[in-house]
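Quick caveat, the model's predicted, so the values are computed rather than measured.
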Amino acid sequence: VNPIPGGGISNALNVTITSSNNPAPTISSLSPNSVNVGAASFTLTVNGGNLIAGSQVEVNGAQRATTYVSSTQLTATILAADIATAGILQVGVRTPAPGGGVSATLPLNVNMPAPVLASLNPAAVIAGGPALTLTVTGSGFLSGVTAQVNGVGRSATFVSATQLTIGLTTADIATAGSLNIAVANPFSLLSNIITLPVYNRVTTVSAASYAVGDQPPDSLLAAFGLSLAPGVEINTSTTLPTQLLGTWVVVRDSAGAARRQSLFFVAPQQINFHLHPDTAPGQATVTVFVNNNIVATSDLQDGPIAPDI
């Protein structure tokens with residue numbers, strides 16, 4: 001508008017006024033994504049996109065002190081009270097209006113300390129045996145503890161803070177090899193792993209009569225099984241060796257004495273050996289080694305020497 005004299009009103013132009021909305025935030029990862037229960041307050045890094053200076057990190061819907069780093073990263077202070085109890089916290093980002101909104105959430109795991117495994121009973125099993133209960137000894141076990149056998153989830157029975165049991169099926173121990181045993185408490189990381197060996201069975205009989213049952217000391221025995229030796233060798237010397245082709249046999253008697261036995265013959269499925277004359281009567285254990293590795297084991301009943309007729 002110009003004043004008189006003359007002057008007047010100009011023609012009109014349209015002016016468009018637009019508002020700039022804040023972008024909707026997204027999050028892609030947390031660092032760290034898990035912490036131990038009872039830890040001190042710490043700084044959580046939240047990575048994502050469309051983040052602005054006014055974006056706020058939320059934990060279970062409650063805002064936490066947030067620092068803007070860039071359009072793809074925020075940091076926030078997680079309180080000690082947030083992680084005082086084991087469980088899962090849901091972490092998200094809220095950006096104020098105009099526009100903005102709340103991102104999807106990601107889990108922040110608050111873990112119990114991982115339990116520790118110390119030993120297994122039995123410490124080894126024989127392939128092809130019946131189903132059995134494995135006793136696991138350690139520390140830090142809680143009610144609700146679960147197990148893994150070769151990485152596959154398995155139920156466990158809580159006995160105490162230092163003991164639990166796991167049921168092993170015939171399928172678990174059908175063939176020789178090993179089973180990796182681990183456990184986890186509710187909201188805990190996995191424990192250390194203990195390996196349970198599964199050995200081939202060796203059947204020991206009299207080398208003269210193939211009779212089973214009690215075998216007297218100072219007798220000649222034949223042991224049958226699988227993978228007992230890498231090949232065939234017959235002793236040809238006058239002195240019996242305790243090793244042929246890297247294979248040897250140890251008999252642990254009822255008194256706890258473990259002795260290498262003298263060998264006559266070894267083959268993949270048979271070993272002939274002399275049972276030491278000092279073997280104590282009672283239940284003994286026969287174990288076959290190849291190149292320092294146990295390949296087969298079983299029990300042997302050592303009986304009295306049979307009387308002459």
Is a side-chain N or O of [X] found less than 3.5 angstrom from the main chain of [Y], in a donor-acceptor match?
X: N50; Y: P25; answer: no
X: S103; Y: V93; answer: yes
X: N185; Y: G140; answer: yes
X: T26; Y: G49; answer: yes
X: S191; Y: A182; answer: no

Seminar exercise, completed: From the list T165, T157, N121, side-chain contact (heavy atoms from CB on, under 4.5 Å) partner of T133 resolves to T165
Of the non-hydrogen atoms in [X] and [Y], which two are nearest, and what is the gap between them?
X: Y199; Y: A296; result: CB-CA, 4.3 Å
X: S55; Y: P96; result: N-CD, 4.4 Å
X: P32; Y: L108; result: O-CD1, 3.5 Å
X: S227; Y: V295; result: O-CG2, 3.6 Å
X: P268; Y: G231; result: CD-O, 3.4 Å
X: P98; Y: N21; result: CB-OD1, 3.2 Å

For this session: List, by chain and then residue number, the residues other than L117 in its hydrophobic cluster (Ile/Leu/Val/Met/Phe/Trp/Tyr, side-chain heavy atoms under 4.5 Å); write none if there are no others.
Result: L120, V125, L132, L134, V136, F141, V145, V149, F158, L164, I166, L168, I173, L179, I181, V183, I194, L196, V198
Report the distance from atom [atom1] of [X] to atom [atom2] of [Y], rounding to the nearest 0.5 Å.
X: D214; Y: Q301; atom1: CG; atom2: CD; result: 5.0 Å
X: L228; Y: L245; atom1: CG; atom2: CG; result: 12.5 Å
X: H276; Y: D302; atom1: NE2; atom2: CG; result: 12.0 Å
X: N111; Y: S188; atom1: CG; atom2: OG; result: 7.0 Å

For this session: Could you please spell out the steps behind the side-chain contact (heavy atoms from CB on, under 4.5 Å) verdict for V59 and Q90?
Result: CA-CA 6 Å; V59 176; Q90 297 298 328; over 6 Å; no
Test item: [X] and [Y] side chains (from C-beta on) under 4.5 Å apart, heavy atoms:
X: V91; Y: T105; result: no
X: R201; Y: S298; result: yes
X: L74; Y: T45; result: no
X: V46; Y: L30; result: yes
X: L263; Y: I271; result: yes

Exercise. Looking just at side-chain N and O atoms, do S29 and N47 make a donor-acceptor pair shorter than 3.5 Å?
Worked result: yes
For this session: Output all residues satisfying salt bridge (charged side-chain N to carboxylate O under 4.0 Å, His left out) with R94, sequence neighbours left out; order by chain, then residue number.
Result: E58
Problem set entry | Carboxylate-amine/guanidinium contact D172 R154, below 4.0 Å | yes
Problem set entry | Inter- and intrachain pairs under ring-ring contact (aromatic ring centres under 6.0 Å, His included), touching residues 248-274, at least two apart | W248-F289
